[in-house]
Amino acid sequence: MLNKIKNIRLSMERREALAGYLFCLPFILGFIFMVLYPFVQSIIFSLNRLEIKPDGYELVFIRLENYYRALFVNAEFPRILVETVLRMFSFVPLVLTFSFFAAILLNQKFKGRLLARLIFFLPVILGAEIVQRIEMSDYMTLLQSMDTSSDYGLTSILSMSSLSEFLLMLKLPQGLLLYIIQGVSRVSEVIRASGIQILIFLAGLQSIPASLYEAADVEGATGWENFWMITLPLLSPLILTNVVYTIVDFFISVSNPMIDFLQTNAFGGAGYGVAMAMSWIYFLVVGIILVVTIRIISKTVFYME
Amino acid sequence: MKMINSSWFKAHRLKSITWSFVRTLVILGVSFVILRPVLTKLSSSLMIERDLFDSTVRWIPKHFTLENYKAMFVHMRYPSAFLNSALFSLVIAGLQLASCTMVWYGLARFRFKGSGLLFGMVILTLLIPPQIISLPLYLNFRFFTLWGLLPKPGINLLGSYWPFILMALTATGLKNGLFIYIMRQTFRGMPRALEEAANVDGAGRFRTFLTIMTPGAIPSMVTCFLFSFVWQWNDYYFVTLYMSGRNLLSQTLDVAAHNYAHTLGMQFTTQYISLLNNAGMMLFILPLLILYGVLQRYFIESIERTGIVG
């Protein structure tokens with residue numbers, strides 16, 4: 001009798017598991033065929049020379065030559081790689097800090113909160129790659145035209161804020177001027193890259209039970225103490241999530257010069273195999289950075305349960 | 001006692017007034033930074049070239065014109081490209097929604113061996129740079145053999161919707177890992193009694209899912225659908241990689257200004273091209289702005305309410 005009940009339970013469990021697999025089947029198939037398979041292929045490609053023919057492609061095994069080429073023959077790849085990583089280290093903390101405080105601001109009650117939220121999330125909607133591309137090329141032509149034309153063209157094309165006009169008035173050296181203008185455009189880059197992160201922090205803020213703050217108020221805690229003792233610790237798991245998201249988003253975003261570089265090299269330039277090797281080096285670097293940061297941050301993360 | 005109280009209130013009020021002042025300032029500043037690119041696009045798209053060089057013109061064009069829009073409307077082949085983009089994004093977003101909803105349900109409601117592993121796989125799809133995957137996939141779609149089932153050399157799927165349909169169906173489309181990751185909790189809060197009742201009444205698992213459970217998940221689903229629609233609309237990288245030559249809006253926008261110059265047999269100045277491009281970009285983002293304005297509730301509030309975190 002007992003055995004029979006056990007059997008039924010087992011089969012129930014098995015059926016439950018089967019249903020679970022079935023519901024996840026789209027993703028399981030997708031992972032195997034659309035992610036894992038090409039993932040393995042990319043390793044193979046990076047170890048081969050690839051020749052595309054009308055009825056397929058041919059691989060010639062050349063061991064690590066592509067990697068050697070990427071790192072030691074190609075003049076640009078190592079430089080772009082180092083630059084990208086350095087830019088990431090300055091960029092991610094900015095995005096994180098901004099989105100954290102933006103979320104706290106947007107969580108407060110004030111008039112026009114809905115409008116403010118609408119505007120803050122607008123970059124998520126308007127982050128079209130093609131728009132960024134065109135803007136960037138406009139920006140580049142602007143920078144090029146600066147050497148030749150008068151400064152009067154500069155102000156009008158960008159129709160920049162009074163800041164740059166002020167800077168032009170000061171007759172600063174052009175290098176410094178460029179640096180400041182780029183810095184200012186960095187601010188907008190940070191703000192525009194923060195949409196999803198704000199959303200995640202905001203959702204986290206709203207999941208903090210109000211009773212905690214009420215209890216703290218009764219005990220006479222100040223807003224400062226509330227922030228350090230309640231808000232920050234309870235949001236810390238989301239800080240981890242957002243750090244990961246921001247790093248990944250930075251590395252795969254189209255405004256990142258590396259992505260363009262890899263694509264132009266895959267179809268021409270250094271060649272498909274070398275581009276694959278470059279992608280792998282890039283991926284490994286990104287992976288190491290991610291693992292290290294996750295290790296460091298997860299030590300300080302606080303979980304309520 | 002009364003004295004202390006009133007002074008305390010005064011200080012408190014002063015503090016809150018200062019704070020709301022600072023807050024307003026910060027919000028206005030950030031909003032300006034976000035809106036400025038849109039506003040400059042709007043204003044310069046309405047200018048003629050001479051206005052760009054006129055230093056008295058900053059925001060409001062002196063010679064107001066719609067010519068840039070007219071030209072771009074024609075050379076972006078706007079009506080047909082718009083329909084193409086809209087239809088394409090709708091279909092792909094719909095398929096992505098169907099597959100992602102199933103995966104949410106599977107991950108949230110069933111205990112099975114390897115569900116942790118499965119979740120790790122979702123994270124992995126988020127972390128792998130798309131270039132690593134997309135370049136081999138490009139070759140797979142060029143010589144598509146259904147992973148060895150069809151005879152070589154296979155079918156050329158490039159230039160058709162099929163690469164996108166296949167990826168959407170298998171929940172590996174654009175940012176689908178993100179949808180699964182942040183919305184996997186969607187079904188967790190719903191009462192199990194509902195499912196059990198449906199089961200007792202003889203409904204199968206899939207029917208229970210479809211008729212009993214999904215209605216409760218509609219806010220999350222709408223949000224997911226909208227985001228995948230918008231991201232598909234905005235996509236340029238994958239569309240040019242797998243489907244170059246189809247007239248989607250992001251593709252026609254890319255070449256419209258140059259096509260225009262080409263048909264006239266003229267060389268445009270970079271300034272004029274930037275005016276045209278500004279008009280084109282406005283035409284490109286306008287449908288999204290309207291969508292966002294009308295459905296803002298679903299873009300913002302529902303994400304908070306459905307508790308994407310946990």
Side-chain angles (χ1 to χ4, degrees), chain A residues 16-17 19-21 23-24 26-27 29-31 33-35 37-39 41-42 45 55-57 105 110 116-119 121-123 125-131 134 138 141 152 156-157 159 187-188 191 199-200 202-204 206-207 238 248 251-252 254 259 262 266 276 279 282-283 290, chain B residues 20 23 27 30-31 33-35 40 52-53 55 58 99 102-103 105-107 110-113 115 118 121 125-127 129-133 135-137 139-140 143 147 152-153 167 169-172 205 230 234 236-237 250 253-254 270 274 277 281 285 288 292 296 300 303-304 307-309:
Chain A
E16 173 105 349
Y21 288 126
F23 275 108
C24 293
F27 178 74
L29 287 178
F31 185 79
F33 290 114
M34 299 292 181
V35 180
Y37 185 79
F39 190 71
Q41 268 182 317
S42 76
F45 288 167
D55 58 340
Y57 50 86
L105 267 188
F110 57 90
R117 284 186 184 184
L118 267 178
I119 293 172
F121 298 133
L122 201 58
I125 310 297
L126 299 184
E129 196 180 328
I130 178 68
V131 172
I134 293 175
D138 273 8
T141 49
Y152 139 101
S156 49
I157 295 173
S159 57
V187 172
S188 70
I191 293 176
L199 217 59
I200 291 177
L202 203 53
Q206 289 179 345
S207 72
L238 296 181
V248 171
F251 278 125
I252 66 178
V254 282
I259 299 306
L262 291 178
M276 246 28 280
S279 310
Y282 185 53
F283 175 55
L290 269 177
Chain B
S20 72
R23 183 174 57 203
I27 286 175
V30 173
S31 303
V33 171
I34 291 172
L35 289 178
T40 45
L52 278 183
F53 293 104
S55 55
R58 170 128 4 108
S99 58
M102 276 178 69
V103 179
Y105 189 61
L107 280 177
F110 298 96
R111 299 199 174 280
F112 53 92
K113 234 186 226 165
S115 65
L118 206 62
M121 279 155 43
T125 60
L126 279 176
L127 299 190
Q131 283 67 34
I132 285 195
I133 302 297
L135 296 181
L137 270 183
L139 286 179
N140 288 341
F143 308 105
W147 296 276
K152 283 195 172 182
M167 289 166 84
L169 274 177
T170 53
T172 45
R205 293 258 186 224
V230 167
N234 282 342
Y236 176 80
Y237 176 81
S250 58
L253 167 63
D254 194 24
T270 45
S274 93
N277 275 337
M281 287 190 279
I285 60 177
L288 296 183
Y292 187 55
Q296 31 98 357
I300 298 170
I303 281 202
E304 295 164 11
I308 56 172
V309 178

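So you know, we letter chains A, B, ... as the sequences are listed, proteins then strands, and number each from 1.
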* **Contacting region of B:T172 [heavy-atom separation from chain A under 4.5 Å]** => side chain
* To do: State, with a plain yes or no, whether a side-chain heavy atom of B:F112 is found less than 4.5 Å away from one of A:C24.
  => yes
* Contact class of A:I191 relative to chain B, heavy atoms under 4.5 angstrom -> side chain
* Could you have a look at B:I34, B:V230, B:I27 and say which one has the most heavy-atom pairs with chain A under 4.5 angstrom? => B:I34
* Which one, B:R23, B:R111, B:M167, B:K113, leads in non-hydrogen pairs under 4.5 Å with chain A? -> B:R23
* Structure fact -> Among B:L135, B:L118, B:V33, the residue with the most heavy-atom pairs under 4.5 Å to chain A is B:L135
* Options A:L29, A:L122, A:L290, ranked by heavy-atom pairs under 4.5 Å with chain B, top entry -> A:L122
* Relative to chain A, which segment of B:S20 carries a heavy atom at a distance below 4.5 Å: side chain, backbone, both, or neither? -> neither
* Asked: Going by the angle between their ring planes, with limits at 30° and 60°, are A:F23 and B:Y105 parallel, tilted or perpendicular?
  -> perpendicular
* Partners of B:F143 by side-chain contact (heavy atoms from CB on, under 4.5 Å), sequence neighbours excluded? -> A:I52, A:Y57, B:L139
* With the side chain counted from C-beta on, respond yes when A:V131 and B:Y236 share a heavy-atom pair under 4.5 Å apart, and no when they do not. => no
* Structure fact -> Answer key: most heavy-atom pairs under 4.5 Å with chain A among B:L169, B:L253, B:N140, B:D254 is B:N140
* Atom CE in A:M34, atom CD1 in B:I133: separation rounded to 0.5 Å? -> 11.0 Å
* Asked: Of all residues at least two apart in sequence or in a different chain, which pass the side-chain contact (heavy atoms from CB on, under 4.5 Å) check with A:S42?
  -> A:M276, A:W280, B:I132, B:P136
* Using non-hydrogen atoms and a 4.5 Å limit, figure out which bit of A:F27 sits close to chain B: side chain, backbone, both or neither. => both
